[in-house]
Peer 1: 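Below you will find the structure I want to go over with you.
Per chain, numbering begins at 1; letters A, B, ... match sequence-line order.
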Number of protein chains: 2
Amino acid sequence: MSAVRTRSAPQDRRQAILDAAVRVFARRGFHACRVSDIADEAGVAYGLVYHYFGSKDSVLDTLFLERWNVMLDMIAEVDATEASAREKLYAIASFIVDSYRHDPDLMKVIIVDVTRAANSFGQTHLARIREAYRRIAAIVEGAQRQGAFKAEIDAEFAAMAFYGAIEQMLTGWIFEMLPADEEHYERAKRLVVETICGGLEISGASHGRRDADRDGD
Amino acid sequence: MSAVRTRSAPQDRRQAILDAAVRVFARRGFHACRVSDIADEAGVAYGLVYHYFGSKDSVLDTLFLERWNVMLDMIAEVDATEASAREKLYAIASFIVDSYRHDPDLMKVIIVDVTRAANSFGQTHLARIREAYRRIAAIVEGAQRQGAFKAEIDAEFAAMAFYGAIEQMLTGWIFEMLPADEEHYERAKRLVVETICGGLEISGASHGRRDADRDGD
DNA sequence: AGGTTTCGATTGACAAGTCAGTCAATCATT
DNA sequence: AATGATTGACTGACTTGTCAATCGAAACCT
């Protein structure tokens, strides 16, 4: 124990408020819950929330930005490796799915409450979200230059389709439309990459034709 | 003209309120706008909104259900045809994209305020949304039985990836992350189907292996 | 060691404002 | 006159953000 007894360290209180916010936001949604709910859940006085955060919005901002920035860093890091585009995309899918596995409430809040309010909040969030698409698109572009991915599919589109597919999986888990267990998490990672890359990669035959009729090679 | 002059037909007023609601919901979001905003936009008195609708939520419910049911019918109709799975999925993508082209405000409201907030409303919406996934999954299953789609990818997962990719395109247009013009709408339809089916269909070679090495068949 | 000052952390009652929903009255049409 | 549509002021409930007061720990002094 470090600074225990009657009062805990300031940063613990701040973190306790953030943790409590994740729980109540996930439970009833950002709009439906009150600042007093956060304070009650964290076991602190109402006013303390305003001591650490400028507003209720600011609490949500902090939750989103802290997590999103970790993801942006992760994407940049992965892209810097020598792995194939497929492996890079698998790493991203893994990261997002594992984020959900590790803290489903936080991911629920980010997907349900932040994305929804992305336009009513400042443009800040929108810019960060867009940045993620851009970095994924950069991976696709790299693969296109190397001839591994079809060049005729716009990289920006592909990135959004990829991210959209992943987000829909999480949505399925969040709203209990899909079974959410360890096995399905792993299957989801593989499915998303297999589905998207199977369509993006230039395979030996069948460039995108509907029928599986083999041509004269 | 039928019942014109000083007072228009009741159903016109009701529709005027719905149309106004779409506009104000799209502009500032469902939660951020007041019932008085709807009434003002529609040019009717505050109380009239409550004459036609039981609550503010009920207005949103109506907007969502009326449109969503049209889509559900459309999917069932398409699935009953003899078209290939790829053509069926293209028809669905077309319908959704065209819905956005025809009434972007309404689609924005449905995606931003309903689809992503489905848990805060009753289970009614969730069930309708799930029904859409189920119908798309049925198309995938049909293709799997016919040997046109890979059997090892869960149909439910595939359906969600497909819908998620489309919804992400709309999100891109809604938040002005993607160029929204006629040409891009058409490209988006093709991209989504090409991306998803390219990965789902059993092509002559490369069953899902990363490398395009041809096996001895 | 004991007393005291300082200052950020913490409290919770309160002011000020918001908004959904109600309802009694009015209007138009038949 | 009867019926249903329409009005908009009003109520009641609820919320955010403020703020003056209090607390606790450490530094500072004697």
Side-chain angles (χ1 to χ4, degrees), chain A residues 1-25 27-63 109 113-114 117 120-122, chain B residues 1-64 109 113-114 117 120-122:
Chain A
M1 329 313 161
S2 48
V4 269
R5 194 107 226 103
T6 46
R7 189 172 288 199
S8 36
Q11 285 316 303
D12 289 351
R13 299 289 229 166
R14 190 190 130 97
Q15 193 57 48
I17 291 170
L18 284 175
D19 292 345
V22 167
R23 270 175 267 133
V24 297
F25 288 168
R27 195 150 54 224
R28 301 214 291 274
F30 176 74
H31 286 286
C33 84
R34 320 296 145 207
V35 175
S36 62
D37 293 333
I38 304 173
D40 291 349
E41 177 85 18
V44 302
Y46 186 94
L48 197 61
V49 175
Y50 286 93
H51 179 73
Y52 287 111
F53 303 94
S55 65
K56 184 187 167 193
D57 281 8
S58 158
V59 177
L60 183 60
D61 287 355
T62 305
L63 288 174
V109 170
D113 289 303
V114 177
S120 53
F121 282 79
Chain B
M1 322 311 156
S2 47
V4 273
R5 195 104 225 103
T6 48
R7 190 171 287 199
S8 36
Q11 286 316 305
D12 289 352
R13 299 289 225 158
R14 191 190 130 97
Q15 193 57 48
I17 290 170
L18 283 175
D19 292 346
V22 167
R23 271 175 265 133
V24 296
F25 289 168
R27 195 150 53 225
R28 300 215 293 273
F30 176 73
H31 286 285
C33 83
R34 293 143 294 187
V35 175
S36 62
D37 292 333
I38 304 173
D40 291 349
E41 177 83 19
V44 303
Y46 185 94
L48 197 61
V49 175
Y50 286 91
H51 179 74
Y52 287 110
F53 303 94
S55 67
K56 186 187 169 193
D57 280 10
S58 158
V59 176
L60 183 60
D61 287 355
T62 305
L63 288 174
F64 167 72
V109 170
D113 289 303
V114 180
S120 55
F121 289 86

Peer 1: Rounded to whole angstrom units, what separation is found between the CG atom of A/D37 and the P atom of D/dC14?
Peer 2: 12 Å

Peer 1: Closest to the B/Y46 side chain: D/dT7, D/dA9, C/dT11?
Peer 2: D/dA9

Peer 1: Just how far, in rounded Å, is P of C/dA9 from CD1 of A/I17?
Peer 2: 11 Å

Peer 1: Indicate yes or no: at least one non-hydrogen side-chain atom of B/F64 is less than 4.5 angstrom from one of B/D113.
Peer 2: no

Peer 1: Before accepting this row, confirm whether a basic side-chain N of the pair B/D37/B/R27 lies closer than 4.0 Å to the acidic partner's carboxylate O.
Peer 2: no

Peer 1: Measuring from atom CZ of A/F30 to atom CG of A/L63, what distance do you get when rounded to the nearest 0.5 angstrom?
Peer 2: 9.5 Å

Peer 1: Specify the separation, in whole Å, of atom CZ of B/F53 and atom P of C/dT22.
Peer 2: 16 Å

Peer 1: Classify the nucleic acid contact of B/S36 as base, sugar-phosphate or nothing, counting any heavy atom under 4.0 Å across all strands shown.
Peer 2: nothing

Peer 1: Rounded to whole angstroms, how far apart are CG on B/D57 and P on C/dC19?
Peer 2: 16 Å

Peer 1: Between P on D/dA5 and CG on B/D12, what's the gap in Å once rounded to a whole number?
Peer 2: 13 Å

Peer 1: Any chance you could measure B/Y50, atom OH, to B/K56, atom NZ, to the nearest 0.5 Å?
Peer 2: 8.0 Å

Peer 1: Please confirm whether the shortest side-chain N or O distance from B/Y52 to OP1 or OP2 of D/dT6 is below 4.0 Å.
Peer 2: yes

Peer 1: Report the distance from atom CZ of A/F30 to atom C1' of D/dT15, rounded to the nearest whole Å.
Peer 2: 13 Å

Peer 1: Considering just the side-chain nitrogens and oxygens of B/R13, establish if one lies under 4.0 Å of OP1 or OP2 belonging to D/dA5.
Peer 2: no

Peer 1: Could you check if a side-chain atom of A/R28 sits within less than 4.5 angstrom of a side-chain atom of A/V24, using non-hydrogen atoms only?
Peer 2: no

Peer 1: Please state how far atom NE2 in B/H31 lies from atom P in D/dT16, giving the value in whole angstrom units.
Peer 2: 14 Å

Peer 1: D/dG17 phosphate, OP1 or OP2: any side-chain N/O from A/Y50 under 4.0 angstrom?
Peer 2: yes

Peer 1: Determine: side-chain N/O of B/H51 to OP1/OP2 of D/dT6, distance under 4.0 Å, yes or no.
Peer 2: no

Peer 1: Without decimals, in angstroms, what is the distance between A/R34 CZ and D/dT15 C1'?
Peer 2: 7 Å

